[in-house]
Amino acid sequence: GAGVSQSPSNKVTEKGKDVELRCDPISGHTALYWYRQSLGQGLEFLIYFQGNSAPDKSGLPSDRFSAERTGGSVSTLTIQRTQQEDSAVYLCASSRDRYEQYFGPGTRLTVT
Amino acid sequence: GNSVTQMEGPVTLSEEAFLTINCTYTATGYPSLFWYVQYPGEGLQLLLKATKADDKGSNKGFEATYRKETTSFHLEKGSVQVSDSAVYFCALSDPASGGSYIPTFGRGTSLIVHP
């Protein structure tokens, strides 16, 4: 079946611009996670959605970062006024049973 | 809080060598433990998991045993192949952590296998 998809796969933007990253989770998965992976680093948790509950935003690094999940499915991560330190791979994952996660291929963001 | 510690990489091996990647954890409850693998240019894929003490997870020749007494979940493979070259992440999920289902990941260990 279809896995988690993310778009775009690559995004190059100028410093100060806003970007939107999209994630389509596996159908029926109620949990959705966003992570950031910087070069040579592990996974940095950003935000977690579970069903219709309020999202856990505890990992967002600044108020320039926000995310929404519409209709319990597609999610968009928005970064406003991008900075060079925002350059990273942004990974989305979904989960049905709150344990095992299924990851998308990621969006590589480069801020110039 | 919860934490996962993995051995530093990169781990460089010749084909058919034995692999061990160490992983230890701290958790407040009774976590489930996972190994994920990330091939170049791809997202993470679940490799194997174990949900309770003494369980052994296995997949594609890889194994890991949940050792509660040593709080460890070391990844092993008897004979690695060039195609196993990837980054391996140890992770735990511990719902006892205030009801949160946000997994905790290690920093990843890069494995390079030479022909």
Side-chain angles (χ1 to χ4, degrees), chain A residues 2-10 21-26 29-51 53-60 67 77 88-109, chain B residues 1-10 21 23 25 27 29-52 55 57 59 66 73 86-112:
Chain A
V4 177
S5 61
Q6 293 186 245
S7 60
S9 55
N10 281 285
L21 312 180
R22 177 186 168 105
C23 172
D24 282 90
I26 293 173
H29 282 194
T30 57
L32 187 147
Y33 306 76
W34 282 99
Y35 298 89
R36 181 168 68 178
Q37 186 176 29
S38 301
L39 187 63
Q41 301 297 310
L43 293 177
E44 176 186 5
F45 164 74
L46 298 177
I47 189 168
Y48 162 58
F49 296 88
Q50 174 60 50
S53 302
D56 183 331
K57 305 179 182 180
S58 60
L60 294 178
L77 177 69
V89 176
Y90 289 82
L91 293 169
C92 174
S94 69
S95 176
R96 177 186 60 204
D97 59 9
R98 301 173 299 184
Y99 290 94
E100 181 175 328
Q101 296 192 320
Y102 294 81
F103 283 80
T107 293
R108 181 174 298 278
L109 175 66
Chain B
N2 298 334
S3 68
V4 174
T5 303
Q6 293 181 234
M7 60 189 292
E8 294 281 333
I21 300 178
C23 171
Y25 68 91
Y30 299 93
S32 293
L33 302 174
F34 307 86
W35 276 101
Y36 286 85
V37 58
Q38 185 178 32
Y39 297 104
E42 300 182 11
L44 279 69
Q45 304 173 25
L46 180 69
L47 180 59
L48 52 85
K49 66 180 180 183
T51 58
K52 62 183 187 297
D55 270 2
N59 187 25
Y66 189 146
F73 193 54
V87 180
Y88 293 80
F89 292 89
C90 186
L92 70 83
S93 180
D94 181 12
S97 301
S100 168
Y101 295 94
I102 300 168
T104 301
F105 285 84
R107 294 174 61 87
T109 302
S110 175
L111 170 65
I112 301 170

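Note on naming: letters A, B, ... go to the chains in the order of the sequence lines (proteins, then strands), and numbering restarts at 1 for each one.
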Looking at residues at least two apart in the chain, or sitting in another chain, which of them share a side-chain hydrogen bond (donor to acceptor under 3.5 Å, both in side chains) with B:S110?
none
For B:E8, check salt bridge (charged side-chain N to carboxylate O under 4.0 Å, His left out) against everything at least two apart and list the hits.
none
Can you say whether B:Q6 sits under 4.5 Å from chain A via the side chain, the backbone, both, or neither, judging by heavy atoms?
neither
Less than 4.5 Å to any heavy atom of chain B: does that hold for the side chain of A:Y102, its backbone, both, or neither?
neither
Counting heavy-atom pairs closer than 4.5 Å to chain A, which one of B:G9, B:G43, B:G41 comes out on top?
B:G43
Contact origin within A:Q101 toward chain B - heavy atom pairs under 4.5 Å
both
Can you classify the ring geometry of B:Y36 versus B:F34 as parallel (below 30°), tilted (30 to 60°) or perpendicular (above 60°)?
tilted
Residue pair B:P103 / A:Y35, side-chain heavy-atom distance below 4.5 Å:
yes
